[in-house]
Amino acid sequence: MLNIKNLHAAVEGNAILKGINLNVKAGEVHAIMGPNGSGKSSLASVLAGREAYEVTEGSVDFDGKDLLDMSPEVRAREGLFLAFQYPVEIPGVSNINFLKTAVNEVRAYHGQPPMQAKAFLDMLKSKQKLMEFDANLMNRSLNEGFSGGEKKRNDIFQMAMLEPKLAIMDETDSGLDIDALRIVSAGVNKLRGKDNAFIIITHYQRLLEYIVPDFVHVLYNGRIVKSGTKELALELEEKGYDWLKEDIRLEEPVQ
Amino acid sequence: MSAEQDILQELAGRDYEFGFETQIEMDIAPPGLNEDIIRFISAKKQEPEWLLEWRLKGFQLFQKLSMPTWQNFKLPEVDFQGVSYYAAPKNQVKYNSLDEVDPELLATFAKLGIPLEEQKMLSGVAVDAVFDSISVATTFKAQLHELGIIFCSFGEAVQEHPELVKKYLGSVVPQADNIYAALNSAVFSDGSFVYIPKGVRCPMELSTYFRINAKNTGQFERTLIIADEGSYVSYLEGCTAPMRDENQLHAAVVELIALDDSEIKYSTVQNWYPGDADGKGGIYNFVTKRGICKGKNSKISWTQVETGSAITWKYPGVILQGDNSIGEFYSVAVTSKRQVADTGTKMVHIGKNTKSRIISKGISAIHGQNTYRGLVKVGPNATNARNFTQCDSLLIGDRCGAHTFPYIESKNNTAMVEHEATTSKIGEDQVFYLNQRGIDNEQAVNMIVNGYAKEVLNQLPMEFAVEAQKLLSITLEGSVG
């Protein structure tokens, strides 16, 4: 589904990603871990097409198409979803109208007619139930005055509504208390299927107890330095990242 | 960045949708301003002597008054002698029904989205259409007449209800109020007149549509609305003009009078031609609008959506004379391209327990300059007066400007005056968030702006709110890369 080859990217001339290789297949869940500043969130931003990030080398193939060639909204319509680390507030824009617009934009892109009001509301209700999403939040302005946890849950709810092929969750667990974490994770697990895939970016192993990944990758200094299965996450939890840093320092030629 | 440039370019080249000109035979007075022209206008309209005298007095005041100097923009030189003060579709005196109206003219109004015929049948909005200087059609008159409501052109009101006109004309906006008000009182052409009798709730929205068509003409309409005791009326005003390279002057005066327990809601969607991307052409919209809550428990509410004009310069205000009266001002002003808006309100608290509420939302894009200027004045007898002002500015891009000048004068220590102000930029983060959900830039900006202006747009009657949203999106099309 997603094939990243030798991806390099920079922000204002500073290299941030230095040759990422990653292959994600349908039905898989990949976790990306790593210390602060290793480039985890940058990878998410580059994949979603944030303007400030300049790709300097490499390619990203998304279901047979050149992802890097698409505008952010086209990437979204093609089925790439980013759950934000800090979802923004947009005052005065009702959550429900926003969702309807988004759903219909995606439909229009695939040549489908806009959803009828009734069908949309039915879908909304069934997803609300599935995700245990508070209906009151639906009628408020988009994220305005939401707590940190509510914003994250709203993002995951949008994911449920948009049914993306690939969802990237950028530190969705940060700022969530244990109950919210449980609900969000349960939601994600319900959305897992053989046709979609997840990239879960996180600092902590905690989230991975709830959303069990197929693969774990460690990102350090703009590169994936170690890949493994879920056991790798436990190892990291236990030993921290320093032992990896040591290993890498030994491998890397002095610059 | 380059994408932004492209879109800005595209916006700069975008056409003004209402820029067409109607080919129609016109009666046009020669350019120039003097007593003869005023006598000519008055004679054309077969006015009574007292009104001619009133106009001449206005002209004298106009000659004595000087241009204000306090505005936050460079006041362009206006050649008052180069303007024609009267232009009217030829061969028409007065229409008894729409059938008699020149079909070309009706087609123009249809193009503007106000099919009078259809409106008459379907929409329940009574329309008075002012084409250059003359009011050409008033729909729904008969139905309104049954309730005792008078809704007609100003000229007609002078003929048929001179006692009301004489009593209230100039009672809220004195002729000497400012130089443009004086000019208007000397040369005003037509406009709308509304009287709602005691205890009557006007069952439909009353609406006037203004159109400047002829070249080198100014439009100087006057609107007078009187709500008698316990009555209610909602009034809408819309306007457009053809695209022309030279600037055209629009100097209107609107006076509202609310007696005991009555309410007037006045909504404007202003879409005069804004000029091109380099600031060439466009309407100078120098308007004086004021209402008086004369009676106790009365209420006047102004709602304006200002998207057009090269320069908008106006402060719809309310004099809160009656005890417990309420004044409201809701405004969205958008300046794009090289547009300038210096607008706001005046709330003058005189009576006890008077309340005012001001919600102003400025939006600046490209090179637009947006100024909020507001006066809240509390007199010595206005015990327990309350004011709340919220004044927000939204910037799109980094070459536009937003300015705020709130003035507060309180002479009563029981008064409470609150002022809140914010300035924000449309955040790239907000646009990106919407992009990431499949929504493109244009629509993202639209959603953000409409969300920002929602509090004001919500005040508009339904059909106008939809139009206003469309206008906002057209005006701001492509202003974010």
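Just so we're clear, the structure is a prediction, and the values are computed from it rather than from any experiment.
For chain B, the nearby part of A:L162 is the side chain; its heavy atoms alone come within less than 4.5 Å. Proximity to chain B is absent for every atom of A:R75, based on heavy atoms less than 4.5 angstrom apart. For A:E78, no part lies under 4.5 angstrom from a heavy atom of chain B. When heavy atoms are compared at a cutoff of 4.5 Å, A:P87 approaches chain B by way of both its backbone and its side chain. For B:E455, no part sits under 4.5 Å from any heavy atom of chain A, backbone or side chain.
By the 6.0 Å contact criterion, NZ on B:K265 is enclosed, its count of non-hydrogen atoms from other residues, nucleotides or ligands being greater than 12. Dense packing is recorded around NZ of A:K190, with more than 12 heavy atoms of other residues, nucleotides or ligands lying under 6.0 Å away. A 6.0 Å sphere centred on NZ of B:K355 holds no more than 12 heavy atoms belonging to other residues, nucleotides or ligands.
Contact of the B:D429 side chain with the A:F84 side chain is not registered, since no non-hydrogen atoms from C-beta on lie closer than 4.5 Å. Here the side chains of B:Q443 and A:E105 are in contact, with some heavy-atom distance below 4.5 Å. Counting only heavy atoms from C-beta outward, the side chains of A:P91 and B:Y452 never approach each other to under 4.5 Å. Counting only heavy atoms from C-beta outward, the side chains of B:Y433 and A:Y86 never approach each other to under 4.5 Å. Two residues are said to be in side-chain contact when any heavy atoms from C-beta on lie closer than 4.5 Å; A:V93 and B:N450 fail this criterion.
The side-chain contact (heavy atoms from CB on, under 4.5 Å) test with B:M447 singles out one residue from A:L142, A:N97, A:T101, and that residue is A:T101.
Between the side chain of B:R437 and the backbone N or O of A:A102 there is no donor-acceptor pair closer than 3.5 Å. For B:Q436 (side chain) and A:A48 (main-chain N/O), no donor-acceptor pair under 3.5 Å exists by modelled atom type.
To the nearest 0.5 Å, the span separating OG on A:S141 from NZ on B:K454 amounts to 5.0 Å. Atom CG of A:L82 is separated from atom CG of B:N435 by 12.0 Å, given to the nearest 0.5 angstrom.
Between A:A76 and B:G438, the shortest heavy-atom contact is CB-N, 3.4 Å. Scanning both residues, A:E73 and B:D440, for their nearest heavy atoms gives OE2-CB, 3.5 Å. B:F432 and A:P72 get closest at one heavy-atom pair: CE1-CB, 4.0 Å.
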